[in-house]
*Asks:* 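Could you have a look at this structure, given as structure tokens, before my questions?
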Amino acid sequence: MAERHSTLRARRRAQTQRTIQAHAIRLFGERGYDGTTMNDVAEAAGVSPMTVYRHFPTKEDLVLTDRYGELIAERIAASPAGRPLVRRIGDALVEAAAALTGDDAAADRQALLVRLQLMISTPALRARHLDNQYALQQAIIDALQGDAADPDAAFQTQAAASACLAALHTAMVRWAEDDGRSDLPHLIGSALAAVFGDDAMGPER
């Protein structure tokens, strides 16, 4: 019984967080990031300012918090351990982007696009984005930790994750600047191929 209540609380918390963030992203898109306050977000979401701060301690968190890292880590953890690091990471990046921008994820796609455009245009968010990139890199490394039993392997994992995320960033900026008209998974695949070569990202032989 206690476990069920705990699960229900977690679901309600996640739903509240999604609702708050959805209203925040909408307001940021309509009024601009600097023209929207945390109180504005609370009012739009129908919750107290304290509830907003409980889920998002800072205004930047309303934009930067997402589930992309979780999707990537899940896909990496589920991939065969014997595959090359770059392929495991690259495929996970492409698959996670497809899950967030597919035909059945219109709301996720629009939210991601607005968030990226805000990150590009807002200096405070650009600075915090670096922290998010580091956190995502660490999530990838943690998902691959079974492959990093010694310092050399750990270094290779870190280098592969860092290079893949640089390609990801380039693709996402291009997609945001294109106002989402291009295909994000394809852009990510193209950026990864530019860094690692077609063989690294093409069909496995």
*Asks:* Run the side-chain contact (heavy atoms from CB on, under 4.5 Å) test on Thr122 and Phe28 for me, step by step, so that the C-alpha distance in whole Å, both residues' side-chain angles and the decisive distance to 0.1 Å come before the verdict.
*Replies:* CA-CA 11 Å; Thr122 309; Phe28 292 152; over 6 Å; no
*Asks:* Drop me the distance from Leu113's CG to Leu184's CG, to the nearest 0.5 angstrom.
*Replies:*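 Interatomic distance, Leu113 CG to Leu184 CG, rounded to 0.5 Å: 9.5 Å.
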*Asks:* Which pair of non-hydrogen atoms, one from Pro185 and one from Ala97, has the smallest distance, and what is that distance?
*Replies:*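 The pair with the smallest heavy-atom distance is CG-C, 4.0 Å.
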*Asks:* Please give me the minimum heavy-atom distance between Gln133 and His169, naming the atom from each residue.
*Replies:*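 It is NE2-CB, 4.2 Å.
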*Asks:* Can you see which heavy atom on Ser182 is nearest to which on Trp175, and at what distance?
*Replies:*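 Closest approach of Ser182 to Trp175: O-NE1, 3.1 Å.
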*Asks:* If you apply the rule side-chain hydrogen bond (donor to acceptor under 3.5 Å, both in side chains), what do you find for Asp61 with Gln21, and how did you get there?
*Replies:* CA-CA 9 Å; Asp61 291 326; Gln21 188 174 41; over 6 Å; no
*Asks:* What are the two closest heavy atoms between Arg88 and Ala81, and how far apart are they?
*Replies:*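 Closest heavy-atom pair between Arg88 and Ala81: NH1-CA, 3.5 Å.
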*Asks:* Please name the residue in the list Ile141, Asp131, Ile72 that meets the side chain to side chain contact (heavy atoms under 4.5 Å, CB included) test with Leu136.
*Replies:*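 For Leu136, the side chain to side chain contact (heavy atoms under 4.5 Å, CB included) test succeeds with only one of Ile141, Asp131, Ile72, which is Ile72.
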*Asks:* Does the side chain of Lys59 come within less than 4.5 Å of Tyr33's, by heavy atoms?
*Replies:*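 Answer yes - side chains close enough.
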*Asks:* Nearest 0.5 Å, what's the CG-CZ distance between Leu100 and Arg67?
*Replies:*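 Between Leu100 CG and Arg67 CZ, I get 5.0 Å after rounding to 0.5 Å.
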*Asks:* May I have the step-by-step check of side-chain contact (heavy atoms from CB on, under 4.5 Å) for Leu165 and Ile140, ending in yes or no?
*Replies:* CA-CA 10 Å; Leu165 289 182; Ile140 291 172; 3.9 Å; yes
*Asks:* Report yes if the side chains of Arg115 and Leu125 come closer than 4.5 Å at any heavy-atom pair, otherwise no.
*Replies:*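 With C-beta onward as the side chain, the pair stays apart.
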*Asks:* Could you tell me whether Arg128 atom CZ has more than 12 heavy atoms of other residues or ligands within 6.0 Å of it?
*Replies:*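 Yes, because the 6.0 Å sphere around CZ of Arg128 holds more than 12 heavy atoms from other groups.
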*Asks:* If you measure only the distance, is there a donor-acceptor pair under 3.5 Å linking the side chains of Asp142 and Gln138?
*Replies:*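 Checked: Asp142/Gln138 side chains pair up, N/O donor to acceptor below 3.5 Å.
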*Asks:* Distance from Ile120 atom CD1 to Met172 atom CE, nearest 0.5 Å?
*Replies:*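 Rounded to the nearest 0.5 Å, the CD1-CE separation comes out at 10.5 Å.
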*Asks:* Report yes if the side chains of Leu118 and Val114 come closer than 4.5 Å at any heavy-atom pair, otherwise no.
*Replies:*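 A side-chain contact under 4.5 Å exists here.
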*Asks:* Which pairs with one or both residues in residues 52-109 pass ring-ring contact (aromatic ring centres under 6.0 Å, His included), sequence neighbours excluded?
*Replies:*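 Sorted pair list comes back empty.
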*Asks:* Determine the minimum heavy-atom distance between Ala191 and Ala167, stating which atoms define it.
*Replies:*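 The answer is CB-O, 3.4 Å.
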*Asks:* Among side-chain atoms of Arg18 and Gln15, is any donor-acceptor pair under 3.5 angstrom?
*Replies:*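 Gln15 and Arg18 do have a side-chain donor-acceptor pair below 3.5 Å.
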*Asks:* Distance from Leu192 atom CG to Ile89 atom CD1, nearest 0.5 Å?
*Replies:*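 Interatomic distance, Leu192 CG to Ile89 CD1, rounded to 0.5 Å: 9.5 Å.
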*Asks:* Quick one: pull up NE2 in His23 and CD1 in Ile25 and give me the separation to the nearest 0.5 Å.
*Replies:*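 Separation between the atoms: 12.0 Å.
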*Asks:* Within the supplied structure, the quantity of interest is the number of heavy atoms (other residues, nucleotides, ligands) at a distance under 6.0 Å from Glu43 CD; does it exceed 12?
*Replies:*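 Not more than 12 within 6.0 Å, no.
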*Asks:* Any side-chain heavy-atom pair from Met119 and Val173 closer than 4.5 angstrom?
*Replies:*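 No, every pair of side-chain atoms sits at 4.5 Å or beyond.
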*Asks:* Test of understanding: clusters of I, L, V, M, F, W, Y form through side-chain heavy atoms closer than 4.5 Å, transitively. Do Ile76 and Val195 belong to the same one?
*Replies:*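 Yes; tracing contacts between hydrophobic side chains, which count when under 4.5 Å, links both residues.
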*Asks:* Measure the CG-OG1 distance between Asp40 and Thr37 for me, rounded to the nearest 0.5 Å.
*Replies:*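 Result: 3.0 Å between the selected atoms.
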*Asks:* For His129 and Arg126, which I'm curious about, is there any donor-acceptor pair between the side chains at under 3.5 Å?
*Replies:*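 No - no donor-acceptor pair under 3.5 Å links their side chains.
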*Asks:* Can you tell me if Gln117 has over 12 outside heavy atoms packed within less than 6.0 Å of its CD?
*Replies:*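 Above 12, so yes.
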*Asks:* To check you understand the geometry: which heavy-atom pair defines the closest contact between Leu93 and Cys164, and what is its length?
*Replies:*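 For Leu93 and Cys164, the tightest heavy-atom pair comes out as CD1-O, 3.8 Å.
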